[in-house]
Participant: 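Provided herewith is a single structure, encoded as structure tokens, for subsequent inquiry.
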Amino acid sequence: MTTTVAPASEVTPTTPTERHPGLAVLLGIVCGAVAIAVAQLVAGLVDPDASPIVAVGGSAIDASPEWLKSFAIRTFGSNDKAVLLAGIGIVLTLIAALLGIAALRRPWIGFLGVSVVAAMGAVAAVTRPTARPIDALPSIAGAIAGSIMLSAFLRVVATPPANTPSDPPTPIGIDRRRFLLVGAVGALAAVSVGGVGRLFARRFEADASRAAVRLPSPAAAPPSPPPANLDVRGLSSFITPNDRFYRVDTALLVPAVKTEDWQLSVHGMVDRELTLRFDELMARPLIERDITLTCVSNPVGGPYVGNARWLGAPLADVLREAGVHPSADQLVSTSVDGFTVGTPTAVVMDGRDAMLAIAMNGEPLPLEHGFPVRMVVPGLYGYVSATKWVVDIELTTFNAFDPYWVRRGWAQQAPIKTESRIDTPRSKATVSAGIVPVAGVAWAQHVGIDAVELRVDEAAWIPAELSVQDTIDTWRQWLVRWDATPGEHQLEVRATDRSGAVQPAEHAPPFPEGATGYHVISVRVE
Ligand SMILES: Nc1nc2c(c(=O)[nH]1)N[C@H]1C(S)=C(S)[C@@H](COP(=O)(O)O)O[C@H]1N2
Ligand SMILES: [Mo]
């Protein structure tokens, strides 16, 4: 028997995979991308919240301990969700790459890996607060697509002829060209399926629904124009523009609700259950009010406070129609994504402008701020009052139910604490000697701000000039023209509310019922 040795140029097209980890990584990532794209597509059809990525992320948010959440808010601010999604993306990419490498040697590991990852996505999806069993479907569809892609890849992995006993074991070979072709087709499929998936995203429909809203005017005289801003560069404007308004919520995917799908049900300890549709809400007598919102997580000097002009239906009127039982001391509101808020019924009914808001600064609520309807209650931190995407109000008792953040240790009742902030100069700034405008905002919602004082290097307190009071529910701007002398200086601010109480000096962290203490900064004067 003669053996012909092929010339080098005709050597077998197969190459050992061990020498091409890049191909194995490509295989894993393309299979993963196809799986995710199909899962997203199906989620777009079934329920965007059923996306395994969104569900896993949401579960991670709910499961993460308080210190981690506070750290994320402090470090990434409103980008915390983007950072989480990027983290999930990186982890998934790594898992896919490792599975790709493993699958080329032991295909069953690849298939098992796809199933395990999909099972985690499915479990996360069906255990979300508003989940239905069908929410497992996107993960299952993704697993099937990923497995089909994996077997397509493995089919082009050629097994060379059996080795003769004396040969060292020959690694499995790959037809590289066909392998790359399958990879390219897979990647293309992932991109186009993902693109189609986006078309189904409810976000676009909700945007269109928002654009179609024609806001009614308030029933009574509209509010007077907001007070003039003090003319200081670097000072927060009295009205916070919508696109600069802080955002805090647990929603990984901004809920996208169309006005025609929205309805609010009012039930529990009431004489008559009610449901309100969006057009019915808009047809009610509306009020428009300037109200400063504050997050309980706002540290002293922090950014989670903003002031807007809200248009909405008085909540007390709705409750009177429903006939609230006297013992129903807690009003539990729930958002479309299952987030819950507990508000004292007595506060909502005490005459303040608690409302079901439909507009913010003259526009329908931005999706991020609760479109189409959210609650706003002057004087209470957001987590006990400001439910975005609100769809359900149940009258109950504080004994009977703990809402989302209360279950996690935050205070059951949480009026906003009097605070003041130095906006300019910034901490650690260097300024020139002479007259330096020191300015900021102070708030004591539903009590009102009476005075603000500034202290330099623990000398005497200097009274600040205040912007005209709008209402007791809004913050006020303050200004001190400071005659700055060269050197390092420490500036401190404190407010006094309309009851005569000076803002507490004692430092308290945001947990569990809001931060206290003076905002202190240091500046360098040259
Ligand atoms: N549905 C929903 N509503 C919510 C929240 C949330 O997580 N989900 N967070 C609350 C908190 S903690 C605050 S401070 C305010 C913030 O409102 P904003 O994002 O419009 O500023 O919304 C409140 N309403
Ligand atoms: Mo908050």
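Remember, it's 1-based here, ligands and their atoms both numbered in the order they're listed.
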Participant: Between Lys69 and Asp80, does any side-chain N to carboxylate O distance fall below 4.0 Å?
Facilitator: no

Participant: Please report which non-hydrogen protein atom sits nearest to atom 13 (C) of ligand 1, along with the residue it belongs to and the distance in Å to one decimal place.
Facilitator: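 Ranking protein heavy atoms by distance from atom 13 (C) of ligand 1, first comes Gly382 CA, 3.7 Å.
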
Participant: Using distance alone, determine whether Arg374 and ligand 1 share an N or O pair under 3.5 Å.
Facilitator: yes

Participant: Within the 4.0 Å heavy-atom shell around Cys295, which atoms of ligand 1 are there?
Facilitator: 14 (S)

Participant: Looking at the rings of Tyr381 and Trp443, which for Trp means the six-membered one, are their centres under 6.0 Å apart?
Facilitator: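 Distance test on ring centres: not under 6.0 Å, no.
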
Participant: Considering only protein heavy atoms, which is closest to atom 24 (N) of ligand 1, and at what distance to one decimal place?
Facilitator: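 Heavy-atom neighbour on the protein nearest atom 24 (N) of ligand 1: Ala386 O, 3.0 Å.
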
Participant: Between His369 and ligand 1, is there a nitrogen or oxygen pair with a distance under 3.5 Å?
Facilitator: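 The answer is yes, given that His369 and ligand 1 share an N or O pair closer than 3.5 Å.
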
Participant: Given Arg494, which of Glu453, His519, Gln503 fulfils the side chain to side chain donor-acceptor pair (under 3.5 Å) condition?
Facilitator: Glu453

Participant: Do Glu368 and ligand 1 have an N or O pair less than 3.5 Å apart?
Facilitator: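 Between Glu368 and ligand 1 (N or O atoms, distance only) the closest approach is not under 3.5 Å.
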
Participant: In terms of atom number and element, which parts of ligand 1 are under 4.0 angstrom from non-hydrogen atoms of Ser335?
Facilitator: 1 (N)

Participant: With a 4.0 Å cut-off on heavy atoms, does Ala251 reach ligand 1?
Facilitator: no

Participant: Specify the protein heavy atom at minimum distance from atom 3 (N) of ligand 1: its residue, its atom name, and the distance to 0.1 Å.
Facilitator: Lys388 N, 3.0 Å

Participant: Starting from atom 16 (C) of ligand 1, locate the nearest protein heavy atom and write down its residue, its atom name and how far away it is, to 0.1 Å.
Facilitator: Val248 O, 3.6 Å

Participant: Evaluate Trp389 for polar contact with ligand 1, using N/O atom pairs at a separation under 3.5 Å.
Facilitator: no

Participant: Atom 21 (O) of ligand 1: which protein heavy atom is closest, and how many Å away?
Facilitator: Tyr246 O, 2.7 Å

Participant: Using distance alone, decide if ligand 1 has a nitrogen or oxygen within less than 3.5 Å of any nitrogen or oxygen in Leu293.
Facilitator: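 Between Leu293 and ligand 1 (N or O atoms, distance only) the closest approach is not under 3.5 Å.
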
Participant: Are side-chain N/O atoms of Trp475 and Gln445 paired as donor and acceptor at under 3.5 Å?
Facilitator: no

Participant: Is the shortest distance from a heavy atom of Met375 to ligand 1 less than 4.0 Å?
Facilitator: no

Participant: Of the protein's non-hydrogen atoms, which lies at the shortest distance from atom 5 (C) of ligand 1, and what is that distance?
Facilitator: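 Its nearest protein heavy-atom neighbour is Phe339 CE2, 3.4 Å.
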
Participant: Are any of the N/O atoms in Thr250 less than 3.5 Å from those in ligand 1?
Facilitator: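 Looking only at distances, the answer is yes, because the N/O contact criterion of under 3.5 Å is met.
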
Participant: Can a side-chain donor-acceptor contact be found between Thr259 and Arg210 if the only test is distance below 3.5 angstrom?
Facilitator: no

Participant: Looking at Tyr404, does the NZ or CZ of Arg407 lie under 6.0 angstrom from its six-membered ring centre and within 45 degrees of the ring axis?
Facilitator: no

Participant: Could you tell me which atoms of ligand 1, counted from 1 in the order shown, lie closer than 4.0 angstrom to a heavy atom of Tyr383?
Facilitator: 11 (C), 12 (S)

Participant: One residue to check: Phe245. Relative to ligand 1, which of side chain, backbone, both or neither has a non-hydrogen atom less than 4.0 Å away?
Facilitator: side chain

Participant: Could you go through the side-chain contact (heavy atoms from CB on, under 4.5 Å) check for Glu419 and Val441 one step at a time?
Facilitator: CA-CA 9 Å; Glu419 264 299 336; Val441 282; over 6 Å; no

